[in-house]
Amino acid sequence: MVDRSVAAVAADPGIASVAPTHTDRATGIATLVVFPTTSPQDKATADTLARLGTDVLPTAIGHSPARAHVGGAAASLSDVGQRTGQRTGQRLPVFVAAVPAMSFLLLMLVFRSARYSYRSRRYC
């Protein structure tokens, strides 16, 4: 199983090399360390990680009870970047509108500008 996974990952065009595997005999967990052909922040690296997780590793494992996960610094940064970009795009308009609105309300409360303008109209 591990040899098939190593061969499948090494054959991917986005992978430069695969380090020797480490297998914990007590738990049966094998760790593969791979090096992509592109830099960690590159879009091609995110595409390679997605391809490994959705196509390459599931095909190599097949119907066996084994499971494979893509992890590490590049995978974590890719996931965080995708989630943050989606959330920021959705929440930014609300934030941009909320800041001036709250500032206006705070200034009205601190300086009581609405009350003074109402009184000045009443006495005129």
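- Considering every non-hydrogen atom in both Ala8 and Ala60, the closest pair reads CB-CB, 3.8 Å.
- Here the CG atom belonging to Leu52 is positioned 14.0 Å from the NE2 atom belonging to His69, to the nearest 0.5 angstrom.
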Practice problem: Before giving the answer on side-chain contact (heavy atoms from CB on, under 4.5 Å), spell out for Thr21 and Thr31 the whole-Å C-alpha distance, their side-chain angles and the decisive distance to 0.1 Å. | Solution: CA-CA 6 Å; Thr21 61; Thr31 304; over 6 Å; no
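- Among all heavy-atom pairs drawn from Pro100 and Ala97, the shortest one is CD-O, 3.5 Å.
- Across every non-hydrogen atom of Pro58 and Thr54, the tightest pair is CG-O, 3.6 Å.
- In this structure, the separation between CD1 on Ile15 and OG1 on Thr37 is 7.0 Å, given to the nearest 0.5 Å.
- No side-chain donor from either of Asp42 and Thr45 sits under 3.5 Å from a side-chain acceptor of the other.
- Looking at Asp12 and Thr48, their side chains come closer than 4.5 Å, going by heavy atoms from C-beta outward.
- Here the closest non-hydrogen pair linking Thr27 and Asp24 is OG1-OD2, 3.1 Å.
- Ile61 and Ala66 make their closest contact through CG2-O, 3.5 Å (heavy atoms, listed as atom of the first residue, atom of the second, distance).
- Between atom CG of residue Leu32 and atom NE2 of residue His22 there is a gap of 11.5 Å, rounded to the nearest 0.5 Å.
- With rounding to the nearest 0.5 angstrom, the CG atom of Leu57 is 11.5 Å from the CZ atom of Arg51.
- Side-chain contact between Val2 and Ser5 is absent, with no heavy atoms from C-beta onward closer than 4.5 Å.
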